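A short worksheet on the structure shown next.
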Amino acid sequence: MNQRIRVRSAVVLFSCLLCAVGPSIAFAQGTGEVAVGATLAGSPVDVRVVARTDGEVAGIFYSSVVAPGSARFSLPAGAYTLVVEHGAGFARGAEVREITVQAGEEVRVEVEFPQGFSPSQAWGYYGVDLHAHSNASFDASTPPDELIAVQLAAGLDIGFLSDHNTGDGHAPFASAAKKRGFPVILGVEITAFRWHWTAYPVDPYVPQIPPMVWMGVGSPAPTFAEARLHGAQFIQVAHPYWSGAPYFEALGRDFFDPNFDLIEIANSEFDEEDQRAVEQLFAFWNEGKRYVAVAGSDAHHWQDPTHIYGRPRTYVYVEGELTVEKWLAALGKGRAFATYGPLVDFTAQGGAARPGDTVVLARGEEIRLQAELFVAPREAPRGLALAQVIKNGEVVRDFPLDGRAEATVTFADAPTPGSWYVVRVVATDGDQAYTNPIWVEVR
Ligand SMILES: [Zn+2]
């Protein structure tokens, strides 16, 4: 039994190399074709499809960027579980189908997604994966045009690209996006040997990194200035404590340049390095330095089952119709939360203030905070486990939640001058979200 499984996995793996190339390749012997059609409210939508057999990933496929809602691929004959996703883990759960593939035959799978929850329609929050690579990066494999379908399948509202030291992916990425009416933000991940920052929006330039900056022993001020000359509205510290490129290890050194705007507190799966970034950001906020917390997947490979585009991501509040300019302006103000899934609409004074805003209070007056919360299932069901109000870096209130999908929490407090408040939300599977602060001034 075990032997047979092993043999089949090897065939599956080989066949996936073929099917990744595209449907034009003739059936390899013993394979059949799978055609997935996906709609939401009657319209075709982009999908990510994970095929599993005997608990192992046999392949990851996407609907074509030029044929939205339609994914075709071949698999060796056998029984499979198909996990079909559009906005999975954020707007709705995945749809799971059991199929049997027969050699030389086609299996059709039709998926109509439930409406789910839309943070843009409900609250005005729009999601972007603020760290994403295409195969214009030396270490990545996702074609820049297909990355549009990948990001649409993730349920993102604006496309985003940040390759290492190149804008070579900008043109194919932007042109595929334009055909789909999908707005995009084009960036470059300035990649020195020792430090990384993401600059956007920028023209497709190649950063000229001075040797001292390259080695992590000189001020990056000229590198930041060059990015600004190429249009950068923002410089984002990428993975500030990742051992491969930890810019924040330069904190306190005379060459540390604080003239960046955004800090990744969540890069790929959350780990101790991200936790250190959260703690350092809290320290900055306590010093009155209003950097903005953001999240991005840093995904490189669309066929990688563990680093998934759109997880984590940054949601930004935009009033009225969405434009890239408005989204970026609101990001700069900190009207944002960073999340692996839980969604949070954090407000103060009955909706008069949001993250990034400053609430001005008379002495003795209370701040009244409210957070509306939602979490979608991923492949497995899940709910909300905990919400926390954090004041000046300390948890001041825990709200245990009982696994339901939606909740509203409220909290009133007497702030001291210069206080700030954020909400952290945790799902039953550990996925979490952090808002940016609502600031308080007491007069
Ligand atoms: Zn990096």
Side-chain angles (χ1 to χ4, degrees), residues 119 123-127 130 234 236-237 240 248 258 260-266 270 274-296 312-319 327-340 342-361 365-373 386-399 408-426 432-443:
W123 303 332
Y125 273 94
Y126 296 86
L130 286 174
F234 300 119
Q236 169 176 314
V237 179
F248 280 2
F260 49 85
D261 311 284
L262 315 170
I263 297 173
E264 283 181 8
I265 58 159
F270 197 85
D274 297 290
Q275 184 56 41
R276 281 184 75 191
V278 170
E279 283 158 19
Q280 180 55 52
L281 184 53
F282 286 179
F284 282 137
W285 287 341
N286 281 336
E287 294 163 13
K289 296 173 182 153
R290 295 188 177 192
Y291 296 117
V292 174
V294 297
R313 65 186 62 176
T314 307
Y315 279 93
V316 167
Y317 174 76
V318 170
E319 240 167 296
W327 194 91
L328 288 170
L331 174 66
K333 290 186 180 130
R335 298 190 151 211
F337 64 89
T339 185
Y340 288 86
L343 304 173
V344 47
D345 185 20
F346 178 37
T347 55
Q349 312 313 81
R354 288 193 155 63
D357 289 338
T358 302
V359 176
V360 180
L361 299 173
E365 202 182 341
E366 283 196 325
I367 186 154
R368 292 172 287 112
L369 304 172
Q370 173 171 317
E372 284 189 50
L373 314 172
L386 174 72
Q388 294 179 314
V389 176
I390 296 169
K391 175 189 186 183
N392 304 341
E394 304 291 335
V395 175
V396 289
R397 179 73 184 266
D398 275 329
F399 295 89
T408 302
V409 298
T410 58
F411 181 68
D413 192 42
T416 45
S419 292
W420 54 265
Y421 295 87
V422 303
V423 170
R424 173 176 179 249
V425 191
V426 188
Q432 60 173 342
Y434 278 96
T435 71
N436 275 278
I438 292 178
W439 306 88
V440 179
E441 224 178 90
V442 179
R443 290 212 172 129

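It should be emphasised that the depicted structure is a prediction, and the values quoted were computed from it without experimental measurement.
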>> Would you compute the distance between atom CD1 of I390 and atom CZ of R397 and round it to the nearest 0.5 angstrom?
In response: 14.0 Å

>> Keeping Q432 on the side-chain end and F270 on the backbone end, is there a donor-acceptor pair under 3.5 Å?
In response: no

> Is any side-chain heavy atom of L369 closer than 4.5 Å to a side-chain heavy atom of V423?
Replying inline: no

> Given W420 and F282, is the ring pair (Phe, Tyr, Trp, His ring centres under 6.0 Å) satisfied, shown in steps?
Replying inline: CA-CA 10 Å; W420 54 265; F282 286 179; 5.3 Å; yes

> CD/Q388 to CZ/F411 distance, rounded to the nearest 0.5 angstrom?
Replying inline: 12.0 Å

> Roughly how far, to the nearest 0.5 Å, is CD of E279 from CD1 of I265?
Replying inline: 11.5 Å

>> Go through it in stages, so that I can follow the logic: the residues are V442 and T416, the test is side-chain contact (heavy atoms from CB on, under 4.5 Å), and I'd like the CA-CA distance, side-chain angles, deciding distance and then a yes or no.
In response: CA-CA 7 Å; V442 179; T416 45; over 6 Å; no

> Of K333, Q349, R335, which is the lone residue that meets side-chain hydrogen bond (donor to acceptor under 3.5 Å, both in side chains) with D357?
Replying inline: R335

>> With side chain to side chain donor-acceptor pair (under 3.5 Å) as the criterion, how do N392 and W285 come out once you've worked through the C-alpha distance, each side chain's angles and the decisive distance to 0.1 Å?
In response: CA-CA 8 Å; N392 304 341; W285 287 341; over 6 Å; no

> Crowded around E287 CD? As in, over 12 foreign heavy atoms under 6.0 Å?
Replying inline: yes

>> Could you report the tightest heavy-atom contact between V344 and F337, atom names first, then the distance?
In response: O-CE2, 3.2 Å

> Looking at L281 and A293, what are the two nearest heavy atoms and their distance?
Replying inline: CD2-CB, 3.4 Å

>> Quick check: closest heavy atoms across V292 and G332, and the distance to 0.1 Å?
In response: CG2-O, 3.9 Å

> Do any N or O atoms from the side chain of W327 and from the backbone of Y126 form a donor-acceptor pair under 3.5 angstrom?
Replying inline: yes

>> Once you measure the plane-to-plane angle for F260 and Y291, does it fall in the parallel (<30°), tilted (30-60°) or perpendicular (>60°) bin?
In response: parallel

> Which atom pair, heavy atoms only, marks the closest approach of P355 to Y125?
Replying inline: CD-OH, 3.8 Å

> To the nearest 0.5 Å, what is the distance between CD1 (I367) and CD1 (I438)?
Replying inline: 6.0 Å

> If you measure from CG on L343 to CD on E372, what distance do you get to the nearest 0.5 Å?
Replying inline: 11.5 Å

> With side chains defined as the heavy atoms from C-beta onward, is the minimum distance between F234 and V294 less than 4.5 Å?
Replying inline: no

>> Test your reading of the model: is there a side-chain donor-acceptor pair from T435 to the backbone of V422, 3.5 Å cut-off?
In response: no

> Which atom names give the shortest non-hydrogen contact between P342 and A433, and what distance separates them?
Replying inline: O-CB, 3.5 Å

>> On the six-membered ring of Y317, is R354 placed so that its NZ or CZ lies under 6.0 angstrom from the centre and within 45° of the ring axis?
In response: yes

>> Show, in sequence, the C-alpha distance, side-chain angles and deciding distance for F248 and R276, and conclude whether the side-chain contact (heavy atoms from CB on, under 4.5 Å) test is met.
In response: CA-CA 10 Å; F248 280 2; R276 281 184 75 191; over 6 Å; no

>> Please find the pair of heavy atoms, one from E366 and one from A412, that lie closest to each other, and give the distance.
In response: OE1-CB, 3.6 Å

>> Please evaluate residues Q370 and T408 with respect to the criterion side-chain contact (heavy atoms from CB on, under 4.5 Å), reporting the C-alpha separation (whole Å), side-chain torsions for both, the decisive distance (0.1 Å), and the verdict.
In response: CA-CA 7 Å; Q370 173 171 317; T408 302; 4.0 Å; yes

> Roughly how far, to the nearest 0.5 Å, is the CD atom of E441 from the CG atom of L361?
Replying inline: 9.5 Å

> Should E264 and V237 be marked as a side-chain contact (heavy atoms from CB on, under 4.5 Å) after you check the CA-CA gap, both sets of side-chain angles, and the distance that decides it?
Replying inline: CA-CA 6 Å; E264 283 181 8; V237 179; over 6 Å; no

